[in-house]
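Right, one structure below, let's go through it.
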Number of protein chains: 4
Amino acid sequence: MGHTTSPDTRRHHGNRYGRSEDARRAVLEAVDDLLVEHGFAGLTIERIAAAAGVAKQTIYRWWPSKVDILLDALGDDLAEELVPPDHGDLRRDLREHLAAVALFLTTADAGAVFRALIGQAQHDPDLAARLRTEQISGQHARDRLPFERALARGELPAGTDLDGAVEQVIGPIHYRVLVTGAPVTREFTDALADRFLASRRP
Amino acid sequence: MGHTTSPDTRRHHGNRYGRSEDARRAVLEAVDDLLVEHGFAGLTIERIAAAAGVAKQTIYRWWPSKVDILLDALGDDLAEELVPPDHGDLRRDLREHLAAVALFLTTADAGAVFRALIGQAQHDPDLAARLRTEQISGQHARDRLPFERALARGELPAGTDLDGAVEQVIGPIHYRVLVTGAPVTREFTDALADRFLASRRP
Amino acid sequence: MGHTTSPDTRRHHGNRYGRSEDARRAVLEAVDDLLVEHGFAGLTIERIAAAAGVAKQTIYRWWPSKVDILLDALGDDLAEELVPPDHGDLRRDLREHLAAVALFLTTADAGAVFRALIGQAQHDPDLAARLRTEQISGQHARDRLPFERALARGELPAGTDLDGAVEQVIGPIHYRVLVTGAPVTREFTDALADRFLASRRP
Amino acid sequence: MGHTTSPDTRRHHGNRYGRSEDARRAVLEAVDDLLVEHGFAGLTIERIAAAAGVAKQTIYRWWPSKVDILLDALGDDLAEELVPPDHGDLRRDLREHLAAVALFLTTADAGAVFRALIGQAQHDPDLAARLRTEQISGQHARDRLPFERALARGELPAGTDLDGAVEQVIGPIHYRVLVTGAPVTREFTDALADRFLASRRP
DNA sequence: CTCTAATCGAGACGGTACGTCCAGTCTTTCT
DNA sequence: AGAAAGACTGGACGTACCGTCTCGATTAGAG
């Protein structure tokens, strides 16, 4: 977002005095702090405006709702933080990636934003749809990469259901994070990877 | 809940002879309908009171917040609807139970309540804790039953990690319901059961 | 009356044939205290019930509203405290009586009740009517007595408008108490008496 | 900064450019009507808001309570309606003014507001103080004017207690209005004026 | 010397209004 | 034109009392 001065007029800045970028940054930073400090319910537009030193109207001008601000704040963090490694070995790639996913969901700031959005998506089908098309499907594609490479290398038998594989290893992590609240340890994620491999390469 | 045909209507003159069962039932029924009809955000105390034909104060007298009403409404529905069958065969028990779980989460009214509570729990750690101790741990125990029986029957090797087994088959269902929004078909749940069995009984 | 009752019959709890004198007294006493302590607005039925250790229903059983309790509490205090003296001399009678009226209105507990009722009567025509027929007309008759006696003694000319005379001396006192809030001193009331006499006996 | 040449636009940038005069007027007019129609107890903030077509918050933004609205509504009505005439003759001035006062208190809409405030002031010392300093003392000064002019003209002896004179003629009117409820006729007010003059100019 | 009906305490009930908070829109002033 | 400020309508919040209503316990006269 920094200085995309190029022909990217799709975005919504466009102030001839150039001050809107200040406001935009202030809002996105405030939103992160306030989410951590006051929780999702305490994240009101008025509070964001006050904390960012920005007028409410300025927020409404650019973001339809507070979840849009969060989506914006989430930004490309997912893509940045959760790209799986490529060591040429499925077990190693999988173990590292699952550990990274767990860490992101449980401790990263962007992970808190992600969890809040997932939570809100349960009440708001529109948000759910947007979240899926804008973030989750992309992440799913990244999660698939290690399996695709392994298939290409012959580590997995042809015809393996790669999407199913992703769900098999990623699903339990989200289940712990979102539902049971059990800690997502390295042992747990390693076991997930190992269990998958055991079932595919007897 | 059942039919208060009670041998219990006298007795115990401490106070509160008076809690109105009618009011309680009306609120819990209204809450279910309104959640489906207006969504979680549209589920206001005032709307519940109006729909149930009850005074707001009566609601506040017995429930601290709307999520408490939902917890109450969820009540025994989980236990009633999601008790796994016992056919003496793990594959069959598992296939049926996972299908029932999927159906509950995606189509049942009580499933909508469950999803709303899970969503809200992402914003509210207290609710998360309560939800886990009051409902989810109990459901986890029920989900474990087929595995326990299979272990006793010798269908599973001694020392099998039963909790991990539950997470392995239940996790992906929740992942679809809560995160990706992909449809949870019978094929999907059957495949989960089969994949688990394949990995354990080579 | 209380001669024979045994020492621990304080608790009453119901009697088919008679109301509880304890409850009545407790309410009337509580009402006085609460009016002074919390003002008229803070004088709620619930607060009276709590302070008197009595159930709300018991209050509603015997008094239609809180102003009725106040009317009851005012009782015969007016008649008891504001009977004009009879020294056979109008000036002396008048001076003493006006001073007594002033003292009652400004400092007596019953005077506070009276002022509260007069205040409420400005908002409530029914109360105004009852207050007038039950209390104020009687007091007006008492206020007239010194003039009637003086007329009979020949201190006032035949045909003197006695009601007008009462209003002439009593009116300014109420005007200070209810409207201007100026202190009603002995000098003031004496001057009222003297001014009346000066105008009638040139 | 210092660019603006206009004399007083330099102040407080952004503080209530916006107070809506429409809203203010609508509230003050509604309050008059509703007081007459529903009485003081029926004069709720919610009803005022509804009748004025204004949000409750707008009322609370500008007035701390309903009595403050009434004080505002009373506003200049007193000064407008109750300025005594100046014919150069005390008897005529007094007769006319007292009749006007009586008419105001008994029949005018603003008179109803005044009576309600006086009534409420009996329960609320703060209101009493405010009412006196903001309205009653000013009215007392106006009531004094005829006497001051008469004194200057030599119609009254030097050293006459003018405040006492006001109380002598105004007090009985308020006494009838607030306490006895007797009708305040033209005969009554004329007699008050005449009686005063008889006592001062024997 | 029990029966019974009005009374008592307690407090839950359907309501109304309170005063506060925030959403989302609109207007005004300054830059 | 866009930003800060903030007033506006609207609506839900959670609280306080209202006046009504059971409820079991109490109690004195009638039977």
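In what follows, chains are A, B, ... by sequence order, proteins preceding strands, each numbered from 1.
Counting only residues at least two apart or in different chains, side chain to side chain donor-acceptor pair (under 3.5 Å) contacts with residues 119-129 of chain B are absent. Residue pairs meeting the salt bridge (Lys or Arg N to Asp or Glu O under 4.0 Å) criterion with at least one member in residues 112-123 of chain A: none, sequence neighbours excluded. Sorted by first and then second residue, the side chain to side chain donor-acceptor pair (under 3.5 Å) pairs with a member in residues 44-56 of chain A read A:E46-A:K56; sequence neighbours excluded.
At E:dC13, one or more side-chain N or O atoms of B:R61 fall inside 4.0 Å of OP1 or OP2 (strictly under the cut-off). Using a 4.0 Å cut-off, some side-chain N or O of B:W62 falls inside it from OP1 or OP2 of E:dC13.
If you measure from atom CZ of D:R19 to atom P of E:dT29, you get 16 Å, rounded to the nearest angstrom. Residue D:L34 contributes atom CG, which lies 15 Å from atom C1' of E:dA17 at whole-angstrom precision. One can place CG of B:D22 at 17 Å from P of F:dC21, the figure rounded to the nearest angstrom. Rounded to whole angstrom, the span from the CH2 atom of C:W63 across to the C1' atom of E:dT7 amounts to 14 Å. Between C:D68 atom CG and F:dG19 atom P there is a gap of 11 Å when expressed in whole angstrom units. Rounded to an integer number of Å, the gap from C:E21 CD to E:dT7 C1' is 14 Å. D:I59 has its CD1 atom 12 Å from the P atom of F:dG10, to the nearest Å. The nearest whole Å value for the distance from the CD1 atom in A:I69 to the P atom in E:dG24 is 10 Å.
With sequence neighbours left out, the side chain to side chain contact (heavy atoms under 4.5 Å, CB included) criterion links D:Q57 to D:R61.
Counting heavy atoms from C-beta on, the side chains of B:V67 and B:F40 come closer than 4.5 Å.
For the pair D:T58 and A:V54, nearest-nucleotide mapping onto DNA chain F gives the more 5' position to A:V54.
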Take nucleotides 12-17 of chain F nucleotide by nucleotide from the 5' end and write B, S or -, depending on whether a protein heavy atom sits under 4.0 Å from the base, only from the sugar-phosphate, or from neither.
SBBBBB
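B:R19 forms a cation-pi arrangement with B:W63, by the criterion of a distance under 6.0 Å to the ring centre and an angle within 45° of the ring axis.
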Which atom pairs, donor and acceptor, lie under 3.5 Å between side-chain atoms of residues 24-39 of chain D and protein residues at least two apart or in another chain?
residue : atom : partner : partner atom : Å
D:R25   : NH2  : D:D22   : OD1          : 3.2

